[in-house]
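Only heavy atoms go into these numbers, but all of them, side chains included; no hydrogens, no water, no symmetry mates. Convention: sequence-line order gives letters A, B, ...; per-chain numbering from 1.
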Amino acid sequence: MDYDFTSVEKKWQQRWEDSGVFHAVDGSDKPKFYALVEFPYPSGAGMHVGHIKAYSGLEVISRKRRMQGYNVLFPIGFDAYGLPTENYAIKTGLHPRVVTDRNIEKFTSQLKKVGFSFDWTRVIDTTQEDYYKWTQWIFLKMFEHGLVFRDKTLVNYCPSCKVVLSNEDSQGGHCDICHSEVVQKSKDVWYLRITAYADKLLEGLETVDYLPNVKQQQVNWIGKSTGAFVNFAVAGTDETLRIYTTRPDTLFGVTFMVMAPEHPLIDKYADKIANMDEVRAYRAECAKKTEFERTQLVKEKTGVRLSGFSAVNPVNGKEIPVYISDYVMMGYGTGAIMAVPAHDQRDYEFAQKFGIDIIEVIKGGDISKEAYAGDGEMVNSDFLNGLTDKKTSIEKMLAFLEEKGIGEKGVQYKMKDWAFNRQRYWGEPIPIVHCPHCGMVPVPYDQLPLKLPAVKDFQPGSDGESPLAKIDSFVQCKCPKCGADARRETDTMPQWAGSSWYFLRYIDPHNDQRFADFDKLKYWGQVDWYNGGMEHVTRHMIYSRFWHRFLYDIGEVPFPEPYAKRTAQGLILGPDGDKMSKSKGNVVDPNEVVDALGADVLRTYVLFMGDYEKAAPWSETSVKGCKRFIDRVWNLQEIVTDGDGYSPDLEIAFHKTAKKVSDDIEAMKFNTAIAALMTLLNKITDKGSVTRGELKAFVTMLDPFAPHVCEEIWERIGGEGMLADGKWIAYDESKTVDATIEVPVQVCGKLRATVTIPRDATADEAIAAGKAAITAQLEGKQILKEIYVPGRIINIVAK
RNA sequence: GCGCCCGUGGCGGAAUUGGCAGACGCGCCGGAUUUAGGUUCCGGUGAGUAAUCGUGCAGGUUCAAGUCCUGUCGGGCGCACCA
């Protein structure tokens, strides 16, 4: 009997939809479980097998949870604002709205074809007015609380996309969207003051269950460091040159200072600096370099000494030279450093090149060769001399600095404020009005959403202006405060805006009074389990934790951290082992797999192919193994016999498998859970018959992975109701172990025999049995040690 | 440079965390069914004639090491002149 998966899968997808079994119930008495997967960007290319793997993990867990009696919220939506759609619109002349709707429709039908158990009544689309109204609302709340500010600064700018990028979007000096080289440009930028939340984001990590490397990456990204600010006097003026250092204990080793080329003090004292021409030339040279070149192409230190401008070391009164160099960044610390060439490799290289003194203050290295960054006894350091503990030295120096009023303890973060505007059409309009009298005025809350106007021309302006700037009817408005003629902000929000709070909207997606009802937020609470890609750990994850924490602080949500648990799936690589990409032609289309082999096979294979958290290459031949597996399960119907219980010779195997599958699913070890089911199937087919009760148990366990075939078999053998809201398998712990076990017997760690002994044999009994099996090997030898690890191994050490 | 992770058959990967290395699947070999191919079913499959040897390499700890320690080589990810 051939398995007609196409019609069976269609049939059950329809039944699930008609019955509403996957609808989450607000306020149900059952325990709640909120499973979240990263909603897709609906690109024109359609779904990728990577999406399937990303969703299948929590899909399996959600199906299991429902069967365990939970009220499960497993939603899906579309993160639909973004540049690819806009670029496509520019190319084809189709409106982004049309393109987006078409792509969402395509994604929806593909997702349904795989049989995911999403609650389709809660779908969200970040580009719909009733959604982005609340994105704008949250933005205005932040504005109200002083977390939004505007600054004219050098920004990362992508000349190809004609758009300003955040640091997160221009990692490595390349545009995250088109991979062009990013340049620095001076622009008006809207910032969200995420740095104000740095400590909260750091502390919050202690209360959540994220994968250790996810946590580590966020900690590194926030990049908290503790040290000191120290004020150096500028010789001959009242000016102070303020620096940040993590090693105030090395202050006696400071022999020069370095400022970033853009440091404002340089302009202030331009007439005092004798070689200003040289300085200007150096600055021009630096400005030409991109951030990427400045940081990546570390070759030789360059710089210019400021003549007529020197500083005084506050701990010993020595006058020291001041340089400018591009190895010091304006964006970190104070934009100036104290240089300790003996104990910092960069300062060392600079000192060597410019012939500056190198004074050792920590013993232990050879400073004639290189800087020594290790610990050791303090020397040449006055009151610190003789100390060997770094912590003590730092504390002593800090006390000294504070007493003299020349410095204090300080904290710095690598994380920078979030550049929040884009000069683009397809995004949420920033709901701010520029009034000549009142300045920046927020659009009143009752006028939200500030709708994105329909336009025909999505081309950005030549100087990087938003397409919205060309629409007079949008731009020209009255100031909400004073009524004067005013101009609307024409930039839109970045793609990350809509995804920064979407998990809250799923809880109450149709609410038109609030972003989500407070009682419903209380009922559903934190996302219990969030799964997604590692690439979102430092952007989306940080952003959304920030937004959520802000909403908590102003009393709008009842819990501070949005996600209780976070896991990540590994990539699916192309059959050639490379990352899948269109240009390499190694992309696997999930649609084709569903059509050729069925959704159950696709679902099973993406979880069986390897460790869920690791990357694994797609294999056209391996996927057939899963097809065979599903077909063999289908064929069990041919050998089914009457009987509700387990047959004696399979009972232990069923209990064992039930335990293993239950446990492995929780640990996301889907590959071994499926392997255990395959092993059990092999045992059944070896035996040649299966009772109805056994088959029911089997399809119950397999259901989260391959629900269509399982539902069909369940129905055909007279199972009650649907497995989708059936009951998860129970097992008896005492029946997961055999009464007798086979134990290997080693002599001096080498395997010599195996013996079958009762599971509860004592050590003496086991060893006796073991020795009996290896009498030949023990002949004429003296036994030194006898080891029995219960249930594991017998090892006799003899000489 | 700093931080994290990983090196196991022809391939993807297992190994209850120190206890029979190679589960499960793919591939391959042989057999059955088939006119043949495909499908399906059965048997075999780390290397070696064997004793034995085998988890990137070299040491170490241990009765026992894929697992722990030291060093080294190779690969991946993240951050990066961060003061």
Revision key, fill the gap. For RNA chain B, the dot-bracket notation using Watson-Crick and G-U wobble pairs below 3.5 Å, [ ] for pseudoknot-type crossings and | for other-strand pairs, is (((((((..(((......[....)))((((((.......))))))((....))..(((((..]....))))))))))))....
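Residues passing the side chain to side chain contact (heavy atoms under 4.5 Å, CB included) test with Lys409(A) are Leu398(A), Glu402(A), sequence neighbours excluded. For Phe256(A), the ring-ring contact (aromatic ring centres under 6.0 Å, His included) partners at least two apart in sequence or on another chain are Tyr323(A), Phe350(A). Judged as a ring-ring contact (aromatic ring centres under 6.0 Å, His included), and not counting sequence neighbours, Tyr332(A) has no contacts. Here Phe670(A) pairs with Tyr612(A) under the ring-ring contact (aromatic ring centres under 6.0 Å, His included) rule; sequence neighbours left out. Qualifying side chain to side chain contact (heavy atoms under 4.5 Å, CB included) partners for Glu206(A), counting only residues two or more places apart in sequence or in other chains: none. Under the rule for a salt bridge (charged side-chain N to carboxylate O under 4.0 Å, His left out), the partners of Glu733(A) that lie at least two apart in sequence or sit in another chain are Lys659(A). Residues passing the side chain to side chain contact (heavy atoms under 4.5 Å, CB included) test with Ala706(A) are Asp600(A), Thr604(A), Ile630(A), Leu702(A), Val709(A), sequence neighbours excluded. Residues forming a ring-ring contact (aromatic ring centres under 6.0 Å, His included) with His263(A) (at least two apart in sequence, or on another chain): none.
Only the P atoms considered, rU55(B) is 11 Å distant from rU8(B), to the nearest whole Å. Taking the P atoms as reference points, rC11(B) lies 14 Å from rG46(B), given to the whole Å.
Checking Lys669(A) against Thr754(A), the closest nucleotide of RNA chain B that is more toward the 5' end is the one next to Lys669(A).
Of all nucleotides listed (rA64(B), rC77(B), rA83(B)), rC77(B) comes nearest to the side chain of Gln217(A). For Asn220(A), taking side-chain heavy atoms from C-beta onward, the closest of the listed nucleotides rC81(B), rC20(B), rG3(B) is rG3(B). Distances were taken from every side-chain heavy atom of Ala616(A) (C-beta onward) to each of rG19(B), rG3(B), rG12(B); the shortest belongs to rG12(B). For Asp326(A), the listed nucleotide lying nearest its side chain is rC81(B); candidates were rC81(B), rC63(B), rC82(B).
For Glu38(A) and Arg566(A), the salt-bridge test passes: some basic side-chain N is under 4.0 Å from an acidic carboxylate O.
Remark: the Lys301(A) side chain and the rC81(B) base include a donor-acceptor N/O pair separated by less than 3.5 Å. In this model, no side-chain donor or acceptor of Asn213(A) finds a partner on the base of rC4(B) within 3.5 Å.
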All N/O contacts under 3.5 Å from nucleotides 21-30 of chain B to the protein, with atom names and distances to one decimal?
residue	atom	partner	partner atom	Å
rG25(B)	OP1	Asn682(A)	ND2	3.2
rC26(B)	OP1	Arg628(A)	NH1	2.6
rC26(B)	O2'	Thr621(A)	OG1	2.8

Under-3.5 Å N/O pairs linking protein and nucleotides 49-54 of chain B:
none

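Pairs engaging residues 625-635 of chain A under the salt bridge (Lys or Arg N to Asp or Glu O under 4.0 Å) rule: Lys627(A)-Asp631(A) [sequence neighbours left out].
For the OP1/OP2 pair of rA83(B) and a distance below 4.0 Å, the side-chain nitrogens and oxygens of Tyr244(A) include no atom meeting the criterion.
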Practice item. For the pair Trp618(A) and Tyr605(A), evaluate ring pair (Phe, Tyr, Trp, His ring centres under 6.0 Å) and give the outcome as yes or no after the intermediate values. Key: CA-CA 9 Å; Trp618(A) 184 271; Tyr605(A) 179 62; 4.9 Å; yes
